[in-house]
S.K.: 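Structure incoming, see below.
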Amino acid sequence: MKVHAIAATALAAVCLAGCRTTKDVLDDYERNAVAGAYGNLPGESAELAAKGDDSCLFWHLMAGSGYYMSGGREQANAHFDAAEDMMQKNDAKSVFEQGASGGLAMMTNDRAFPYDGGGQDRVFTCLYKAIDFLCLGKASAARTELNRALQHQENWIWERRKDVAAAEKRMSADAAAYAAKQEAAPAGNPAQLTATVMGNSAFAEQVRTQCGFDPAKSGNLATLAAADYLNAYAQHVSGVFRWLNGDGGRGALKTAAELAPRTTAARDLAECERSVKPSNQVWIWVEDGLCPAREEWRIDLPLVLLPYANRYVMYAGMAFPRLRPRGAGAARWSVQADGAAVPFVDEADVDHLIRTEFDVYMRGALAREITRTIVKVGTQVALGVAADNTKDWRHEAGLRAAQVGVATWALTTTAADLRSWTALPKTVKCVRVTRPADGRLVLQADGQQVPLTVPPGNTMVFVRKPGPQAPPVVKMATFAR
């Protein structure tokens with residue numbers, strides 16, 4: 001039984017399953033988001049979250065975003081609360097220590113483990129809850145969420161190191177247990193052979209080209225700068241909120257100004273340090289476009305790098321995620337105040353923040369996928385060699401069947417983890433203007449105009465526009481003078 005027959009068996013299994021994939025659901029979500037069909041966003045994600053499986057945290061985030069954009073504040077916060085409960089569990093114990101403890105889960109693919117919820121997942125969850133609390137006038141609840149958002153940023157490096165260590169430990173244990181279960185120790189040393197593949201320049205070039213990831217340096221926690229993982233948007237919102245409420249704000253504004261020195265944050269910091277009290281000021285933050293989404297890239301393990309690889313190998317495929325950049329909501333943003341158009345300035349490059357988290361994940365995922373493929377390939381070889389060297393036809397038949405079984409299982413379990421919070425923005429822009437006497441502002445996004453009426457006092461405005469055709473979603477919180 002060769003690869004085409006194995007593939008036919010796997011395809012039949014997929015057809016019989018007949019269910020929508022994660023990609024199917026996310027593609028529909030994206031189409032609705034860029035079209036501005038916000039009411040269609042939460043439905044299927046909420047249904048999937050209710051199943052309570054290892055992906056429910058992920059689906060709670062997607063459903064929460066859907067309700068956040070469609071105006072369902074209570075439902076949005078319920079989903080974000082549920083997501084945070086699971087994040088706290090993952091903070092206490094890495095997902096790689098939790099999932100499928102007896103099932104050699106690491107030998108299938110990373111989707112076998114619960115969705116973790118990365119640093120930006122945690123930050124935006126708290127930020128979105130805070131924004132809705134602000135709009136409801138619940139300052140105390142908003143303060144709590146903003147404090148938690150900043151704490152998640154401080155914990156980011158530590159959390160990533162913990163997950164990297166847990167994943168490495170689990171990979172080593174599951175690889176050894178899988179080989180023992182097959183009763184055929186794979187040829188070669190998996191750790192040494194993984195290092196050989198990782199260090200091959202031709203293979204590394206393919207990974208760089210296809211995934212934008214450099215195995216030699218990308219995702220190295222020791223070389224990251226603060227701007228690679230700290231969210232200036234969250235820092236700025238937190239600083240302005242505290243400043244307007246008279247309870248500090250300097251620390252968050254200082255970080256925001258350092259991360260985005262040519263934005264409103266620098267002016268805000270200077271005035272805060274001089275104890276200036278804002279009066280009739282309007283801050284507008286625009287969350288524009290959609291962040292990158294994951295897609296799958298498949299490649300065969302370069303068998304030429306394995307000294308034992310020969311005719312016994314039936315399947316040697318690998319699957320990796322790669323980021324697909326997505327478009328902006330508008331090319332030009334400005335706000336008209338008293339007849340003057342004031343342009344927005346970029347404050348946070350969420351694409352870059354997501355790329356950082358992807359690179360840190362990919363650094364481990366690359367080694368894991370190579371290791372599990374080497375073990376499966378080596379096991380196929382060991383079974384094939386044993387079959388060729390036995391004189392008992394019954395034993396030979398059993399070994400051949402086992403070899404096919406290993407190859408078939410390898411094919412059907414090879415998949416990249418495509419779960420990521422794809423509802424997040426591409427960039428965040430900001431502008432600060434003085435409120436006109438009549439309170440009327442006009443938000444301009446390319447050809448779209450959105451009139452705003454701002455009450456007296458200091459106001460924070462939050463705008464979301466996922467795609468060019470999508471109408472902006474506007475949320476507003478005003479603080480009495």
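The shown structure was predicted, so the numbers you read here are calculated from the model rather than taken from an experiment. Numbers here are sequence positions counted from 1.
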S.K.: Before giving the answer on salt bridge (Lys or Arg N to Asp or Glu O under 4.0 Å), spell out for Lys129 and Asp81 the whole-Å C-alpha distance, their side-chain angles and the decisive distance to 0.1 Å.
M.R.: CA-CA 9 Å; Lys129 289 173 65 180; Asp81 281 341; 2.4 Å; yes
S.K.: Decide side-chain hydrogen bond (donor to acceptor under 3.5 Å, both in side chains) for Gln281 and Arg435; before the verdict, give the C-alpha distance in whole Å, the side-chain angles of both, and the deciding distance to 0.1 Å.
M.R.: CA-CA 6 Å; Gln281 296 300 294; Arg435 176 187 179 273; over 6 Å; no
S.K.: Take Asp27 and Lys23 through the salt bridge (Lys or Arg N to Asp or Glu O under 4.0 Å) test and state the conclusion after the steps.
M.R.: CA-CA 6 Å; Asp27 285 348; Lys23 186 178 186 304; 2.8 Å; yes
S.K.: Enter the distance from His60:NE2 to Tyr115:OH here, rounded to the nearest 0.5 Å.
M.R.: 13.0 Å
S.K.: What I want to find out is whether Glu84 reaches Arg148 closely enough, with some N-O distance under 4.0 Å, to be called a salt bridge.
M.R.: yes
S.K.: Which heavy atom in Ala234 sits nearest to a heavy atom in Val123, and how many Å separate them?
M.R.: CB-CG1, 3.7 Å
S.K.: Would you say that Val360 contacts Leu221 through its side chain, given a criterion of any heavy-atom pair below 4.5 Å between the two side chains?
M.R.: yes
S.K.: Count the heavy atoms belonging to other residues, nucleotides or ligands that lie under 6.0 Å from CZ of Arg208, then report whether that count exceeds 12.
M.R.: yes
S.K.: Suppose we call two aromatic rings close when their centres sit under 6.0 Å apart. Are His79 and Trp59 close by that rule?
M.R.: no
S.K.: Checking Thr356 against Asp359: is there a side-chain donor and acceptor pair closer than 3.5 Å?
M.R.: no
S.K.: The test is side chain to side chain contact (heavy atoms under 4.5 Å, CB included); show your working for Asp110 and Arg372 and say whether it passes.
M.R.: CA-CA 11 Å; Asp110 282 359; Arg372 61 172 64 105; 3.2 Å; yes
S.K.: Using 30° and 60° as the class boundaries, would you call the ring planes of Phe124 and Tyr233 parallel, tilted or perpendicular?
M.R.: tilted
S.K.: Assess, by modelled atom type and distance only, whether the side chains of Asn231 and Gln153 contain a donor and an acceptor separated by less than 3.5 Å.
M.R.: no
S.K.: At their closest point, which heavy atom of Ala416 faces which heavy atom of Ala319, and how far apart are they?
M.R.: N-CB, 3.7 Å
S.K.: Specify the closest pair of heavy atoms between Val25 and Arg20, including all atoms of both residues, with the distance to one decimal.
M.R.: CA-NH2, 3.5 Å
S.K.: Which is it for Asp53 and Lys51 under the salt bridge (Lys or Arg N to Asp or Glu O under 4.0 Å) test, yes or no, and what are the steps along the way?
M.R.: CA-CA 6 Å; Asp53 62 15; Lys51 291 184 175 181; over 6 Å; no
S.K.: Hey, what do you get for CG (Leu323) to CD1 (Ile354), rounding to the nearest 0.5 Å?
M.R.: 8.5 Å
S.K.: Measuring only between side-chain heavy atoms, which start at C-beta, is Val335 closer than 4.5 Å to Arg432?
M.R.: no
S.K.: As an exercise, state the distance from CE of Met318 to CD1 of Ile299, rounded to the nearest 0.5 Å.
M.R.: 5.5 Å
S.K.: Is the closest side-chain donor-acceptor distance between Trp156 and Glu357 under 3.5 Å?
M.R.: yes
S.K.: Grab the two heavy atoms, one from Leu57 and one from Asp116, that are nearest each other, plus how far apart they are.
M.R.: CD1-O, 3.7 Å
S.K.: Using 4.0 Å as the upper bound for N to carboxylate O, is an ion pair formed by Lys426 and Asp288?
M.R.: no
S.K.: Tell me, please, whether Tyr361 has Arg294 positioned over its six-membered ring: NZ or CZ under 6.0 Å from the ring centre and within 45 degrees of its axis?
M.R.: yes
S.K.: Tyr68 ring centre to Lys475 NZ or CZ under 6.0 Å, with the angle to the axis within 45°?
M.R.: yes
S.K.: Show, in sequence, the C-alpha distance, side-chain angles and deciding distance for Phe241 and Leu146, and conclude whether the side chain to side chain contact (heavy atoms under 4.5 Å, CB included) test is met.
M.R.: CA-CA 9 Å; Phe241 168 77; Leu146 291 173; 3.7 Å; yes
S.K.: Between the side chains of Trp333 and Asp446, is a donor N or O closer than 3.5 angstrom to an acceptor N or O?
M.R.: no
S.K.: For side chain to side chain contact (heavy atoms under 4.5 Å, CB included), just list the numbers for Val442 and Val450, CA-CA rounded to whole Å, side-chain angles, deciding distance to a tenth of an Å, and then say yes or no.
M.R.: CA-CA 6 Å; Val442 179; Val450 181; over 6 Å; no
S.K.: Does one side chain, of Glu347 or Trp285, offer a donor that lies under 3.5 Å from an acceptor on the other?
M.R.: yes
S.K.: May I have all residue pairs that pass side chain to side chain donor-acceptor pair (under 3.5 Å) and include part of residues 321-331, sequence neighbours excluded?
M.R.: Glu30-Arg324, Glu30-Arg326, Gln210-Arg322, Glu295-Arg322
S.K.: Can you name the one residue among Lys465, Lys429, Arg464 that meets salt bridge (Lys or Arg N to Asp or Glu O under 4.0 Å) with Glu287?
M.R.: Arg464
S.K.: Looking at every heavy atom in both Cys211 and Pro321, which two are closest together, and how far apart are they?
M.R.: SG-O, 3.7 Å
S.K.: Step by step, work out the side chain to side chain contact (heavy atoms under 4.5 Å, CB included) result for Cys272 and Arg250.
M.R.: CA-CA 6 Å; Cys272 180; Arg250 181 186 176 280; 4.2 Å; yes
S.K.: Measure from the side-chain N and O atoms of Ser65 to the backbone N and O of Met62, and report whether any donor-acceptor pair falls under 3.5 Å.
M.R.: no
S.K.: Looking only at atom types and distance, does a side-chain atom of Asn220 sit under 3.5 Å from a main-chain N or O of Ala222, one as donor and one as acceptor?
M.R.: yes
S.K.: With salt bridge (Lys or Arg N to Asp or Glu O under 4.0 Å) as the test, would you mind laying out the steps for Glu296 and Arg298 before giving the verdict?
M.R.: CA-CA 7 Å; Glu296 187 175 80; Arg298 288 182 175 245; 2.9 Å; yes
S.K.: Any chance the side chains of Arg419 and Thr22 put a donor and an acceptor closer than 3.5 Å?
M.R.: no
S.K.: Near Glu205 CD, under 6.0 Å, is it more than 12 heavy atoms from other residues, nucleotides or ligands?
M.R.: yes
S.K.: Kindly compute the distance separating CG (Leu424) from CG (Leu290), expressed to the nearest 0.5 Å.
M.R.: 9.0 Å
S.K.: To check you understand the geometry: which heavy-atom pair defines the closest contact between Ala112 and Thr108, and what is its length?
M.R.: CB-OG1, 3.3 Å
S.K.: How many angstroms lie between atom CG of Asn245 and atom OG of Ser140, to the nearest 0.5 angstrom?
M.R.: 10.0 Å
